[in-house]
2 protein chains.
Amino acid sequence: MTPVQGARARARAEITAAIKDEARRQLAAEGAAKLSLRAVARELGMVSSALYRYFPSRDELLTALIIDAYDAVGAAAEQAHAAAVHAAPGDHLAQWTAACRAVRAWALAHPHEYALLYGSPVPGYTAPRDTVGPAARVALLLVGTARAAHEAEGVALPPLPDVLVPEAERLAADVAPDLPPALAVALASAWAQLFGLVSFEVFGQFHRVVEDRDAFFAAAAERLGREVGLLPRP
Amino acid sequence: MTPVQGARARARAEITAAIKDEARRQLAAEGAAKLSLRAVARELGMVSSALYRYFPSRDELLTALIIDAYDAVGAAAEQAHAAAVHAAPGDHLAQWTAACRAVRAWALAHPHEYALLYGSPVPGYTAPRDTVGPAARVALLLVGTARAAHEAEGVALPPLPDVLVPEAERLAADVAPDLPPALAVALASAWAQLFGLVSFEVFGQFHRVVEDRDAFFAAAAERLGREVGLLPRP
DNA sequence: CGCAAGCAAGAGCAGTGCTCTCATTTCAGT
DNA sequence: ACTGAAATGAGAGCACTGCTCTTGCTTGCG
């Protein structure tokens with residue numbers, strides 16, 4: 001795009017990145033609520049008002065971090081999925097669980113950023129349009145896995161209750177017109193349930209309840225995969 | 001317990017309740033992050049420092065609200081469950097879904113309190129021991145439904161993967177020694193997944209994705225019930 | 001070269017959680 | 001019934017926060 005930007009623009013990009021880095025550091029250390037513009041500025045050796053040249057408000061800074069985090073977890077899942085496709089080309093269930101495990105691993109490694117994405121929404125703050133793209137990456141990856149399995153060998157799902165048929169058709173038309181409506185509904189359920197499992201673990205709800213969480217999650221993710229019709233080692 | 005407490009103790013209880021009420025109002029209006037001790041005091045016509053005679057810190061006030069909220073959602077679920085037991089005595093699946101729907105309804109009616117319980121943990125704040133009892137009410141209700149079904153007609157579950165067997169036995173011994181280990185694991189999964197569905201809805205993740213959320217949730221809750229071996233109308 | 005735009009600094013405003021001191025009220029033991 | 005201790009409320013104050021506004025300095029384009 002801009003082949004050689006002026007020194008000023010470069011400095012601006014560098015400072016913006018430095019602000020986000022420092023903010024991410026504070027986020028990881030203390031959580032979103034303790035992320036303070038003044039502290040970020042202090043750590044960067046500037047004065048708080050200067051920060052407003054780069055981010056018009058604290059919420060805008062948070063938004064930038066949210067977008068980066070969605071991209072990070074999406075990239076982690078996509079990478080793990082691609083590796084699984086390479087390692088076990090036809091095993092769609094293994095590919096599914098690989099993506100799920102990558103999401104979980106990223107969440108456990110970045111709990112505060114995960115909380116920003118899938119925890120309580122920041123009050124008075126509604127996610128701007130820019131976040132929906134990155135936010136959909138993981139969901140689209142799950143849809144893609146199910147689509148590959150469906151194209152390769154077809155999936156068998158139990159019939160839907162009658163009341164859900166219109167919603168299922170609408171949902172399928174919206175997100176995956178090539179997939180059967182029952183599969184679209186199953187995917188939406190599995191999507192939410194996957195993050196339920198991850199959130200419970202990251203937010204400590206499994207404390208003193210589930211101990212061997214690796215094995216527990218692996219089994220649960222595989223069950224979710226079967227729920228959307230995936231089968232092992234075809 | 002205390003048959004007739006002095007006027008002072010009564011006043012203390014009343015003021016404590018008034019503080020919690022006003023705090024709950026602000027919580028519902030603006031969310032946890034904007035809950036301000038000073039604003040609560042202002043609204044109650046007292047000075048902020050006086051509040052510290054009743055709650056030693058803002059976090060302690062939050063803890064009190066959290067315990068109340070756990071009790072409220074637990075009571076809502078228990079009441080819906082009891083009604084279902086009365087209306088359809090043998091239909092354990094209907095009882096299960098009734099409890100799930102009650103949790104969802106409470107969450108949608110009190111989104112900010114729900115976020116306090118199942119959203120991002122408040123930073124720097126770890127839930128004290130007093131919360132674990134109320135927090136377990138919904139989980140215990142789900143366990144109880146599964147136990148009733150198991151005692152009445154037995155439940156059939158797929159076998160566990162080998163790696164999960166030790167964890168399953170430990171988990172069953174901990175929370176429900178009378179239930180088969182595979183059922184205990186399935187219950188823990190269903191528990192987390194149920195709140196995944198509710199959280200996605202309350203936190204807006206289903207925005208522009210799932211539209212007919214009543215039907216969607218009802219179907220998902222029923223699937224969760226089948227996952228723990230419940231069967232309709234025996 | 002000049003001048004507009006970009007930028008940092010500082011002061012300041014309104015708000016926050018929390019602590020401390022100082023009166024006053026209430027209650028209990030003698 | 002009286003007194004001393006405990007509980008309570010008021011107020012000032014500290015160290016923060018996000019954010020705005022004004023004031024100059026620097027940069028780089030036309």
Side-chain angles (χ1 to χ4, degrees), chain A residues 2-20 22-23 25-27 29-66 112 116 121-126 128, chain B residues 2-20 22-23 25-27 29-66 112 116 122-126:
Chain A
T2 48
V4 146
Q5 35 191 355
R8 192 150 219 170
R10 190 191 341 262
R12 174 166 248 280
E14 272 173 20
I15 295 186
T16 304
I19 292 172
K20 287 206 287 186
E22 176 59 32
R25 275 200 50 249
Q26 292 196 14
L27 196 67
E30 298 276 8
K34 299 218 169 160
L35 201 180
S36 138
L37 274 185
R38 289 180 116 109
V40 170
R42 201 182 309 129
E43 212 69 22
L44 261 51
M46 45 173 134
V47 93
S48 76
S49 56
L51 261 179
Y52 287 83
R53 302 272 173 195
Y54 299 88
F55 294 94
S57 77
R58 196 193 100 118
D59 283 2
E60 291 286 331
L61 174 54
L62 265 183
T63 298
L65 296 180
I66 287 175
H112 288 112
L116 222 51
V122 180
Y125 161 90
T126 50
Chain B
T2 47
V4 145
Q5 37 191 352
R8 190 153 219 168
R10 195 198 326 273
R12 173 166 251 280
E14 273 173 20
I15 295 186
T16 304
I19 292 173
K20 287 205 288 186
E22 177 57 32
R25 274 201 49 252
Q26 292 196 14
L27 197 66
E30 299 277 10
K34 298 217 169 163
L35 201 181
S36 138
L37 274 185
R38 290 179 115 108
V40 170
R42 202 182 308 131
E43 213 69 23
L44 260 51
M46 44 172 135
V47 93
S48 75
S49 57
L51 260 178
Y52 286 83
R53 305 280 178 196
Y54 298 88
F55 294 94
S57 77
R58 197 193 99 118
D59 282 2
E60 291 284 330
L61 174 55
L62 265 182
T63 298
L65 297 180
I66 287 175
H112 288 112
L116 223 49
V122 181
Y125 160 90
T126 49

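Because the structure is a prediction, the values reported are computed rather than measured.
Atom NZ in B:K34 sits about 18 Å away from atom P in D:dT17, given to the nearest Å. When rounded to the nearest whole Å, the span between CD of A:E30 and P of D:dT17 equals 12 Å. Following rounding to the nearest Å, A:E60 (CD) and D:dC19 (P) show an atom-to-atom distance of 10 Å. Here D:dG28 presents its P atom at 11 Å from CZ of A:R10, a figure rounded to the nearest Å. Atom CG of B:L37 is separated from atom P of D:dG9 by 14 Å (rounded to the nearest Å).
A residue-by-residue look at B:G45 and A:S36 shows that B:G45 has its nearest nucleotide of DNA chain D further toward the 5' end.
Distances were taken from every side-chain heavy atom of B:A50 (C-beta onward) to each of D:dC21, D:dG18, D:dG9; the shortest belongs to D:dG9.
At the heavy-atom level, A:L35 lies under 4.0 Å from the strands shown only through sugar-phosphate atoms. Counting any heavy atom pair closer than 4.0 Å across all strands shown, B:I15 reaches sugar-phosphate atoms only and no base atom. A:S48 comes within contact range of at least one nucleobase, with a heavy-atom separation under 4.0 Å. Nucleic acid contact for A:F55: none, since no nucleic acid atom lies under 4.0 Å from a heavy atom of the residue. B:R53 comes within contact range of at least one nucleobase, with a heavy-atom separation under 4.0 Å.
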| request: Step by step, work out the side chain to side chain contact (heavy atoms under 4.5 Å, CB included) result for A:Y54 and A:L61. | output: CA-CA 9 Å; A:Y54 299 88; A:L61 174 54; over 6 Å; no
| said: Pair B:L35, B:R58 - check side chain to side chain contact (heavy atoms under 4.5 Å, CB included), show working. | reply: CA-CA 9 Å; B:L35 201 181; B:R58 197 193 99 118; 4.1 Å; yes
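The two residues B:E43 and B:R25 come nearest to each other via the heavy atoms CG-NH1, 4.4 Å. Summarising the geometry of B:A64 relative to B:F55, their closest heavy-atom pair is CB-CE2, 3.8 Å, with the distance given to 0.1 Å. B:V40 approaches B:Q26 most closely through the heavy-atom pair N-NE2, 3.3 Å.
A donor-acceptor contact under 3.5 angstrom links the side-chain atoms of B:S49 to the base of D:dG11.
Extent of DNA chain C lying under 4.0 Å from chain B heavy atoms, first and last nucleotide in 5' to 3' order, is C:dT16 to C:dC27.
Interatomic distance, A:L37 CG to A:S49 OG, rounded to the nearest 0.5 Å: 11.0 Å.
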